[in-house]
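The block underneath contains the structure these notes are about, expressed in structure tokens.
The shown structure was predicted, so the numbers you read here are calculated from the model rather than taken from an experiment.
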Amino acid sequence: MKKIFKNIIVCFSVTALLISCTEELDLSNPTALSIEELLQTNNGFELLANGVLDAYQKIPANEFLLTELRSDNVRANTENGNFAAINAYNVDPNNGDVATYYSNNMATIKHANTIIDNRFLAPEDQQYTVGEAYFMRGLCHFNLVRAYQNVPFIDKVLDVTSNEALNYPQLPEAEVYEKIIADFNTSIAYLNGVEQNRYRPSEGAAICLAAKAYLSQPNPDFTEAEFLLASVVEGNTYNFNLLFTERSQADQFEFNANPLNPSEDLLTDAEYNANLVIDYGNVFGNEISSGYTDGVLDGSWSNNPGLEINDEVIFSIAYDLVSSDNYTTSDSGLGDQVETDSESHSFAMTLQGPSNGVNIASLDFLDFMNPELEPVRFYASIDVLSYNPSDITSDTFNAKFPTDGEIGDNDWIVLRYADVLLLYAEAILGDNASTTDSRAIDAFNKVRERAGLEAVANLTKSLLLAERRVEFVYENQRLYDLIRFDQVDAVLTEFSNQNSLFYTIEKKYLPFPQREIDNLPNFYTQNPGY
């Protein structure tokens, strides 16, 4: 099991905390502690904080379907019902994925609020857990506001036996962002000086996500975002770095004689790019099998948990491969739980994708993601064996998250340093169409150079958006990037028209879950277009 879950697995119910130290959570004979009893134990806040991270493990399980599948990066086969409907922007307010994504974020918020409501009881050596709770509450609301736009901001544990929920209406998007940023800023104060662990919220992660929230709000605050990101990028305070091999340190895979000195072995561009392919794959904890033939790495990708903790990963959610037929999905009930980190972070982003008819690169995306334009990211992002651009009916799949089945072993990366570098360039660029500011250029070119591409001297918004598309494909960022760059309607309308889909300007956001509306009649309103 990944480090933070080695000794404790925590799972919440409404009134009790069920704790087990066995390999599988024994729900038939659990040890139940009330919140009051738990807070009086020596490590009660640590258990609560682990429980928040446990709750978050369900959230990525269907995020791909609601974000990447609604972008121009991927498509679904038309015969696959719900997935095809989501891909076609034909989502119903009663859609199960729409409802469970909302409720899983809200469940995590409830667990975070348990800590925040009792924060004054936290002992000195567990104050960091309060910072983690603010971080996770901010992150979950960030997920919700980007997906559904106008959502309630829940800042306490609500009494389900009363009408407290009626005090929390849907708020305008801008107000939600103000509260999200406040949560991240509070978490920064609590997490200051806390030892960094990439499986736990940290001060550096909170700074970066606060900056991303500043850039994502309806009226972006480029100045504040730039200030925050500069403290991470320019100062290198937190030792975040891209995984990157300098040319002078690269491995040579085959002998290439120097024409001027036949005994000298030259490093070819193809060999150097192969080094960078390996670096890029290692970011996600992946290693490639076999060797190197005719200028290309051989073999297939597999996950190696030993590679998943690296300097590029800033915050990730841990998962482990567990052999069990009783795996947990995004909408599983408490009785379906097995070991907490055995949950699949997304069936559609693993080898399950091909069998479900999702996780297929769109033809539009393959115009940009090909071996000629992307000599590094292509081989670490795309299943090369399924790539056949000469056959438009061929399905090309994701290779970023290789697993052996439905229960995923890859960690889910919430934030990595390449994102921070490009966000920094975005903040410096601001409202301008282009910039030659050396800080933005340097940050942008670091990501380009790791991808085996030439540096640029002038950065434009279109270049930055295109770079983000190929760098973060299958990482659920494209839709939100298009919204943030104010390009979503133009891009997705054209994509929809070319592929006979049903995008309209209202469909950039999901419907508000009908289940939530029905639970509080005449309180919540449905989003336009649904």
Side-chain angles (χ1 to χ4, degrees), residues 2-5 8 10 39 43-57 59 105 108-143 153 155 177-216 224-225 227-241 309-318 411-417 419-420 423-424:
K2 302 294 193 302
K3 275 188 176 179
I4 63 169
F5 296 112
I8 189 75
V10 182
L39 294 177
N43 62 341
F45 277 87
E46 291 178 356
L47 302 184
L48 287 168
N50 285 354
V52 178
L53 295 170
D54 169 40
Y56 196 92
Q57 285 182 313
I59 288 171
N105 274 282
T108 307
I109 289 168
K110 176 178 77 72
H111 302 329
N113 279 333
T114 299
I115 296 175
I116 294 169
D117 289 353
N118 295 281
R119 62 192 180 278
F120 299 115
L121 300 176
E124 186 65 30
D125 65 347
Q126 294 178 53
Q127 286 288 307
Y128 74 91
T129 65
V130 180
E132 291 186 347
Y134 276 108
F135 178 101
M136 297 302 291
R137 188 173 77 177
L139 175 59
C140 289
H141 282 105
F142 194 26
N143 292 339
F153 188 94
D155 61 3
Y177 272 105
E178 286 179 9
K179 295 177 181 293
I180 290 168
I181 291 167
D183 268 2
F184 283 136
N185 285 336
T186 302
S187 74
I188 291 168
Y190 274 99
L191 295 171
N192 178 250
V194 175
E195 183 179 358
Q196 182 147 307
N197 180 331
R198 285 164 177 79
Y199 287 136
R200 305 199 78 98
S202 66
E203 179 184 13
I207 289 171
C208 296
L209 285 175
K212 196 166 191 176
Y214 273 122
L215 293 173
S216 301
E224 282 296 327
F227 173 77
L228 289 171
L229 293 167
S231 70
V232 175
V233 175
E234 302 296 343
N236 198 25
T237 306
Y238 305 100
N239 297 315
F240 303 138
N241 281 297
I309 300 177
N310 58 72
D311 288 342
E312 185 162 341
V313 175
I314 298 175
F315 178 57
S316 64
I317 301 299
D411 293 338
W412 175 246
I413 299 174
V414 176
L415 182 69
R416 60 186 179 92
Y417 192 56
D419 194 6
V420 174
L423 289 171
Y424 186 42

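- If you take CD1 on Ile109 and NE2 on His141, they are separated by 3.5 Å, rounding to the nearest 0.5 Å.
- Shown here for Asp183 and Gly138, the closest heavy-atom pair between the two residues is OD2-N, 3.7 Å.
- Although no hydrogens or angles enter the test, the distance criterion places a donor-acceptor pair under 3.5 Å between the side chain of Asn310 and the main chain of Val313.
- For Ser187 (side chain) and Phe184 (main-chain N/O), a donor-acceptor pair under 3.5 Å exists by modelled atom type.
- Checking Ile413, Asp411, Val414, Asp54 one by one against Ile317, the side chain to side chain contact (heavy atoms under 4.5 Å, CB included) holds for a single residue, Val414.
- Val232 has its side chain out of reach of Thr237: every pair of non-hydrogen atoms, C-beta onward, lies at least 4.5 Å apart.
- Within the model, atoms CZ of Arg119 and OH of Tyr134 stand 4.0 Å from one another, a figure rounded to the nearest 0.5 Å.
- For the atom pair CG of Leu209 and CD1 of Ile188, the computed distance is 9.5 Å after rounding to the nearest 0.5 Å.
- Within the model, atoms CG of Leu229 and CG of Leu215 stand 7.0 Å from one another, a figure rounded to the nearest 0.5 Å.
- Between Pro201 and Leu53 the shortest heavy-atom distance is CD-CD2, 4.1 Å.
- Between the OH atom in Tyr238 and the CD1 atom in Ile314 there is a gap of 10.5 Å [rounded to 0.5 Å].
- Shortest non-hydrogen contact noted between Ile181 and Ala210 is CG1-O, 4.4 Å.
- Looking only at side-chain heavy atoms (C-beta outward), Glu132 and Val194 stay at 4.5 Å or farther from each other.
- Taking the side chain as every heavy atom from C-beta outward, Tyr56 and Asn143 approach each other to under 4.5 Å.
- Annotation for Asn118 and Thr114: closest pair ND2-O, 2.7 Å, computed over non-hydrogen atoms.
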Which donor-acceptor pairs under 3.5 Å do side chains of residues 120-127 form with protein atoms, sequence neighbours excluded?
from	atom 1	to	atom 2	distance (Å)
Gln126	OE1	Phe45	N	3.1
Gln126	OE1	Glu46	N	3.1
Gln126	NE2	Asn42	O	2.4
Gln127	NE2	Ala122	O	2.8

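- Side-chain atoms of Ser316 and Ile309, non-hydrogen and from C-beta on, never get closer than 4.5 Å to each other.
- Taking 4.5 Å as the limit, some side-chain heavy atom of Phe153 sits within range of a side-chain heavy atom of Ile180.
- The only option from Phe135, Tyr199, Trp412 that meets the ring-ring contact (aromatic ring centres under 6.0 Å, His included) definition with Phe315 turns out to be Phe135.
- Tyr128 is not listed as a side-chain neighbour of Glu195, based on a closest heavy-atom distance of 4.5 Å or more.
- Residues passing the salt bridge (charged side-chain N to carboxylate O under 4.0 Å, His left out) test with Glu312 are Arg416, Arg450, sequence neighbours excluded.
- Residues His111 and Gly51 share a closest heavy-atom pair of CD2-O, 4.3 Å.
- Using a 4.5 Å heavy-atom cutoff, the side chains of Asn239 and Asp311 are not in contact.
- Taking CG of Asn105 as the start and CE of Met136 as the end, the distance is 9.0 Å to the nearest 0.5 Å.
- Between Tyr177 and Phe142, the angle of the ring planes goes over 60°, which puts this pair in the perpendicular group of the 30/60° scheme.
- With a 4.5 Å cut-off on side-chain heavy atoms, Tyr214 and Leu228 count as touching.
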